[in-house]
Participant: 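Can you keep this structure in mind? I'll have questions shortly.
Order of the sequence lines sets the chain letters (A, B, ...), proteins ahead of strands, with each chain counted from 1.
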Number of protein chains: 2
Amino acid sequence: MDVGALVFDVFGTVVDWRAGVAREAARLLGPGVDAAAFADAWRARYEPSMQRVRGGERPFVPLDALHRESLPEALAEVGAGPVPDDVAGELVLAWHRLDPWPDAVPGLTRLRRRFVLAPLSNGGVRLLVDLARRGGLPWDLVLGAEVAGHYKPDPQVYDSAPRLLALPPSRVCLVAAHTDDLAAARARGLATAYVHRPAEFGGDPVPPATDPHADLSVGSLEELAAALGC
Amino acid sequence: MDVGALVFDVFGTVVDWRAGVAREAARLLGPGVDAAAFADAWRARYEPSMQRVRGGERPFVPLDALHRESLPEALAEVGAGPVPDDVAGELVLAWHRLDPWPDAVPGLTRLRRRFVLAPLSNGGVRLLVDLARRGGLPWDLVLGAEVAGHYKPDPQVYDSAPRLLALPPSRVCLVAAHTDDLAAARARGLATAYVHRPAEFGGDPVPPATDPHADLSVGSLEELAAALGC
């Protein structure tokens, strides 16, 4: 791969959304709620909520707004009642307070010596800035759905990265723990690297160890740095 | 000022465009060309070139394209003939290779402890990333004309900062060495801070020492950090 920039899926690939959302839910909802089950219930509404934007049924709104809308159903699924607005707002901000996987900061720090680094996430710009400042993620810039005005896997999101980085698509590599994200990036000409994150869903399901269609498959961002000679 | 984010004009405010363009011009055009006069001649075409985009006469193109188009006239003005395409391309990249004013990195580094920091420049995204990586500018993210699809002082550029940072306009402060930029930001509700950069135009003209309409006027970004308690 002769790449100049690496762009990263974030939820699951760089940060552990499940542990972070569960931690904040336990703090805000108390011991009566199964916090991990709540995180899973909320995450299960992530794809359907974006689908209405992708399909053109509604204009683009940032992910915080979608999280806020899907919150009541997620709470109900785990037997938690409605919450006051201030608690709902804090729960939405749980997605801004997720911790990086242990290999993320050391791996990104090495990769940044040679490559331009940016998130290419469905999270909003402010969310991505908050995650970076909290976790010390050394991005050069923030890219993604809100900058593109579309949600992955819409092609506009993948196209926005080489356009704004002034590189041919083949010189931009998407790094992600999800094979569907990588497939959509390849369809737009990007290089791809798969990261195996067996704990993303709490161990069930366990994602595949490698993606045979990706240019590279690695077990961590430190392994990616080593594979790319950083 | 109760601000959460500071956004910065870049050319003249954070980096010394005149010395940097002149340095690259001297390297690429040789001793027969007055490199500082060439930098001034090229910069003089900056506003008119953007005006055609602002007026809707042509669609948005990044600043590199405008610089490339205005290059032949700027060369001619200083008596330099046409240059080969590879030299023209390198000259356009001179604007990616500008050095920060001496106070910029220490000032920004202090400011970043408390505030989200981003450029809000008419330079393109890649140009701003290149300046940051070259000079060590500690941005949290890159904002500006190319992200907004408009050139300052179009209101869309100023509006894009609070929108993407999820802050009220009054909690975003534009920092700039140009009073017209600050006036346009205030018209969109942003807070403003003026930085006096007497050497921007090689000493002629010398800009005013303060901007009485701005929330703050300072002589450097270190002074701004001190004024904001960083």
Participant: Highest number of heavy-atom pairs under 4.5 Å with chain B: which of A:V147, A:D130, A:V116, A:D64?
Facilitator: A:V116

Participant: Keeping to residues at least two apart or across chains, list the ring-ring contact (aromatic ring centres under 6.0 Å, His included) pairs with something in residues 157-177 of chain A.
Facilitator: none

Participant: Pick one of side chain, backbone, both or neither for B:V129, based on which atoms fall under 4.5 Å of a heavy atom in chain A.
Facilitator: side chain

Participant: Between A:L137 and chain B, with a heavy-atom cut-off of 4.5 Å, which part of the residue counts as in contact: side chain, backbone, both or neither?
Facilitator: neither

Participant: Does any non-hydrogen side-chain atom of B:R126 lie less than 4.5 Å from one of A:L164?
Facilitator: no

Participant: Give me the one residue out of B:L143, B:L141, B:V142, B:L128 that meets side chain to side chain contact (heavy atoms under 4.5 Å, CB included) with A:L141.
Facilitator: B:V142

Participant: I'd like to know if the side chain of A:R133 reaches the main chain of B:R112, judged simply by a donor and an acceptor atom lying under 3.5 Å from each other, with no hydrogens or angles considered.
Facilitator: yes

Participant: Heavy atoms only: give me the nearest A:R163-B:E146 pair and the separation to one decimal.
Facilitator: O-OE2, 4.1 Å

